[in-house]
**Q** 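Please see the structure below; I have some questions.
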Amino acid sequence: MICCLGVVSVFTAVADDRIYGWPQLKAPEGLIVCTAVQDKAEMMLLESLSGLAARAVNEGRFDKMVWITTGNRSYERIFEASKAALHMEDISYMDVWQLLEYLQKEHVVKGYVVYGLEKEQGKIIKDYSSNVATVYAALTGGAMFDVSIEDEARRRGLRKLKDARTETTLECFHKNRHLLKNVSALSIHPAVANMRDYAIAHSLMLYADETRLMDEVLQWVEPLSPIVGWGCGDEFEHTKKVSEWGHYNTASDWCTNLPFISAAAPYIRLQKAAETALSEIDFSDSSYVHAFLMSDGDNMQWTMGGFADNPLYMGHPDSGHAGMNWTACPVNLSVVSPVSWNEIVSRQNGNTLVEYGGGYQYPDLFAVKRENREVLLRAFARRLNHYLRKTGVKVFGVICENVESEKAREAFQVYAEELTDITGMIAIQYFPYELGKKVFWFTDRNGEHVPVLTAAFSLWNEVSSKRPFCGTPEYVASLINRDKALSSVGQSYSWTIVHAWSDFSETSKLTSRPAVGVNPVLAASRLLDDGIRLVPLDEMMWRIRMRFYPEEVRRRINADN
């Protein structure tokens, strides 16, 4: 009986969902602008004040949210566009102490919660009390005060509502889980202030690196939910846990101002990505084609904080270079920060934008700890499909623990059936990224074949005998040239995954400096043999589909005409 109820609730949520699992906030009537502070204790305080204000707006007790200025140009554009969308004119400016005083007078701040600040963002965490304090800030209306500035709280007549140092994070969860919302959770290092406003606004539980707490929280959170922030320790292990419980990671621990940005998001018109039209493809051209694809677009904090105008990435003057394609997180951005998504679309330049996983999750591990994995997998895909159609994205990409496993194939088949208008899928493995030139076929609901392509090569600053198809621009270019020479007509294609963070300054003499991002791709491209044509990734997919299932593609062409 319990299992059946769980299944019903999942499908109800999917049917009614318009926010891709993200909790919503009411938009404010006014805004208080504060400048980010260098002092860590004061920054924690400011984040808590922002969260309490957003919470009060959502509950109808207050009418203003807080914007924390950071000097980041991308966020400045989001700020201006969000204000315009809300027709907001009520804007005031305060420092953190003025804001505290104002929120006291407005009865938004009801006291304070004291904690001990973890000084460094190290691998070994000594004090988790800032995470406990964030929970109690939401539950009590208390501003967060590190013990080093507690005297200031007393001087201002604030009442101590909780000493977070007296409770472990696990005790905090067990005591308060019935008061918290299981729509998400914040994974955050205790030394990081960011995203605490979002957690407080939504009454979320927090965790860092404690294994038992992670499992209990992720089991408790409603399936198909975004886990905000970023894990501590090994990337694969913490993303594995998120995936196993049927959620998705968002890589958002350095995002700022999400309460206001997400509250304004529904008022901003969404732009659609462009695709390569079948009529534009000359299928009689049998040239060897290649595509490069930038990794790590599922990183929300990157795509929101400087990806579109970064001169090393999409802001590079040659970012429209043929064959340079981009992973991104269009679905999550469309819900949380459509301004960021619209900027990415404006810089697409004819190449392919790939939805990377619907969030950072491993499909072969997705919901394996739930009894109803198949139900959840299909519900997730259906929800994803709705937003792919809204954003116009036609290529779906994933990272797997094991691309060729039975669980991965099970997920690919579900995606093929539920993602109703995709051109194809790409799949990389957590290690190694590159698996050689492979195509796996799955059938959609109309009986047509949808390809899943693996990366032949990886542009990654690593030399290893375990990764013979990975390396510098010079080496990868030689691999592509060799593949062209050895390929038959039906195999005259390949694609390379580009590791977004690899710096080739010390390993590639031919790459322009800084030797990261687009520059290594340009260096490799210049070394390719004549006869190799760089194309958008979706064009490559259609060519592969034409090679293996020509009648299906011709039916599409005739239907378009």
Side-chain angles (χ1 to χ4, degrees), residues 248 273 275-276 289-299 303 323-331 344 348 351-364 366 381 384-385 388 391-405 407-419 421-442 444 448-460 469-470 476 480 483 491 493-500 521 534-548:
Y248 55 93
E275 61 175 319
T276 302
V289 294
H290 188 81
F292 291 96
L293 178 66
M294 188 68 68
S295 75
D296 286 83
D298 51 359
N299 187 319
T303 52
M324 183 68 260
N325 304 275
W326 305 90
T327 59
C329 46
V331 170
I344 290 171
Q348 186 178 355
N351 292 313
T352 305
L353 295 174
V354 178
E355 167 58 57
Y356 216 11
Y360 189 5
Q361 52 88 18
Y362 306 132
D364 48 334
F366 192 80
L384 178 63
N385 183 57
L388 289 180
T391 57
V393 174
K394 299 293 185 73
V395 178
F396 183 59
V398 295
I399 305 176
C400 295
E401 180 185 33
N402 183 352
V403 168
E404 299 187 58
S405 67
K407 291 291 188 185
R409 289 174 180 269
E410 178 182 273
F412 295 147
Q413 182 56 48
V414 169
Y415 293 148
E417 292 172 4
E418 302 297 347
L419 306 184
D421 196 27
I422 59 170
T423 302
M425 295 180 263
I426 61 100
I428 63 172
Q429 201 153 277
Y430 187 80
F431 184 87
Y433 266 25
E434 66 287 347
L435 293 175
K437 189 165 59 177
K438 299 177 183 178
V439 184
F440 304 101
W441 293 97
F442 299 89
D444 65 16
E448 290 194 356
H449 293 80
V450 179
V452 176
L453 311 182
T454 62
F457 315 113
S458 178
L459 194 55
W460 191 311
F469 303 113
C470 160
V476 169
I480 298 169
D483 189 69
Q491 293 290 316
Y493 68 89
S494 61
W495 68 278
T496 296
I497 186 74
V498 181
H499 184 232
V521 176
L534 298 175
V535 298
L537 186 61
D538 60 351
E539 177 180 335
M540 176 182 293
M541 288 182 165
W542 281 121
R543 289 182 174 279
I544 294 169
R545 291 180 69 165
M546 178 64 90
R547 169 69 180 85
F548 287 92

**Q** So, Ser295 side chain and Val498 main chain: donor-acceptor pair closer than 3.5 Å or not?
**A** yes
**Q** Compare all side-chain heavy atoms of Val439 with those of Tyr493 and state whether any distance is below 4.5 angstrom.
**A** yes
**Q** Any salt bridge linking Lys407 with Glu401? Criterion: basic side-chain nitrogen under 4.0 Å from a carboxylate oxygen.
**A** no
**Q** Using modelled atom types only, decide if a donor and an acceptor are shared between the side chain of Asp538 and the backbone of Thr352 within a distance under 3.5 Å.
**A** no
**Q** Charged N to carboxylate O below 4.0 Å: is that the case for Lys437 and Asp483?
**A** yes
**Q** Can you tell me how far the CZ atom of Phe396 sits from the CD atom of Glu418, to the nearest 0.5 Å?
**A** 12.0 Å
**Q** Rounded to the nearest 0.5 Å, how far apart are CE of Met425 and CG of Leu453?
**A** 9.5 Å
**Q** Run the side chain to side chain contact (heavy atoms under 4.5 Å, CB included) test on Phe442 and Arg409 for me, step by step, so that the C-alpha distance in whole Å, both residues' side-chain angles and the decisive distance to 0.1 Å come before the verdict.
**A** CA-CA 9 Å; Phe442 299 89; Arg409 289 174 180 269; 4.2 Å; yes
**Q** Measuring only between side-chain heavy atoms, which start at C-beta, is Asp421 closer than 4.5 Å to Leu388?
**A** no
**Q** I want to check something: taking the side chain as every heavy atom from C-beta on, are Asp444 and Glu417 in contact at a cut-off of under 4.5 Å?
**A** no
**Q** Quick check against the 3.5 Å criterion: does Asn325 have a side-chain atom that pairs as donor or acceptor with the backbone of Phe292?
**A** yes
**Q** Does some side-chain heavy atom of Glu355 sit less than 4.5 Å from a side-chain heavy atom of Ile422?
**A** no
**Q** Under 3.5 Å, is there a donor-acceptor pair between the side chain of Thr454 and the main chain of Gly436?
**A** yes
**Q** Closest approach of Ser494 and Phe457, non-hydrogen atoms and distance?
**A** OG-CE1, 3.8 Å
**Q** Report the distance from atom CD1 of Ile497 to atom CD1 of Ile426, rounding to the nearest 0.5 Å.
**A** 5.5 Å
**Q** With side chain to side chain contact (heavy atoms under 4.5 Å, CB included) as the test, would you mind laying out the steps for Ile399 and Tyr356 before giving the verdict?
**A** CA-CA 8 Å; Ile399 305 176; Tyr356 216 11; 3.6 Å; yes
**Q** Could you tell me which non-hydrogen atom of Asp364 sits nearest to which non-hydrogen atom of Ser405, and how far apart they are?
**A** CB-OG, 3.7 Å
**Q** List the steps and the verdict of side chain to side chain contact (heavy atoms under 4.5 Å, CB included) for Tyr248 and Asp298.
**A** CA-CA 10 Å; Tyr248 55 93; Asp298 51 359; over 6 Å; no
**Q** For Ala500, is there any backbone N or O sitting under 3.5 Å from a side-chain donor or acceptor partner on Trp460?
**A** no
**Q** Over 60° means perpendicular and under 30° means parallel, so tell me whether Tyr430 and Tyr362 are parallel, tilted or perpendicular.
**A** perpendicular
**Q** Hey, what do you get for CE (Met294) to CG (Leu459), rounding to the nearest 0.5 Å?
**A** 8.5 Å
**Q** Considering all heavy atoms of both residues, which atom of Val393 and which atom of Pro330 are nearest to each other, and what is their separation?
**A** CG2-CG, 3.7 Å
**Q** Is there a side chain to side chain contact (heavy atoms under 4.5 Å, CB included) between Glu404 and Gln429? Walk through the geometry before answering.
**A** CA-CA 9 Å; Glu404 299 187 58; Gln429 201 153 277; 5.7 Å; no
**Q** I need the Lys394 NZ to Leu353 CG distance, nearest 0.5 Å.
**A** 12.5 Å
**Q** How close do Glu434 and Ser458 get, counting heavy atoms only, and between which atoms?
**A** OE1-CB, 2.9 Å
**Q** For this output row, return yes or no: ring centroids of Phe440 and Phe412 closer than 6.0 angstrom.
**A** no
**Q** Tell me whether Asn351 contacts the main-chain N or O of Met324 through its side chain, where contact means a donor paired with an acceptor under 3.5 Å.
**A** yes
**Q** Out of curiosity, Asp296 CG to Thr327 OG1, how far, rounded to the nearest 0.5 Å?
**A** 6.5 Å
**Q** Which pair of non-hydrogen atoms, one from Ile428 and one from Ala455, has the smallest distance, and what is that distance?
**A** CG2-CB, 4.4 Å
**Q** Could you pull out the closest heavy-atom pair between Ala408 and Val403, with the gap in Å?
**A** CB-O, 3.2 Å
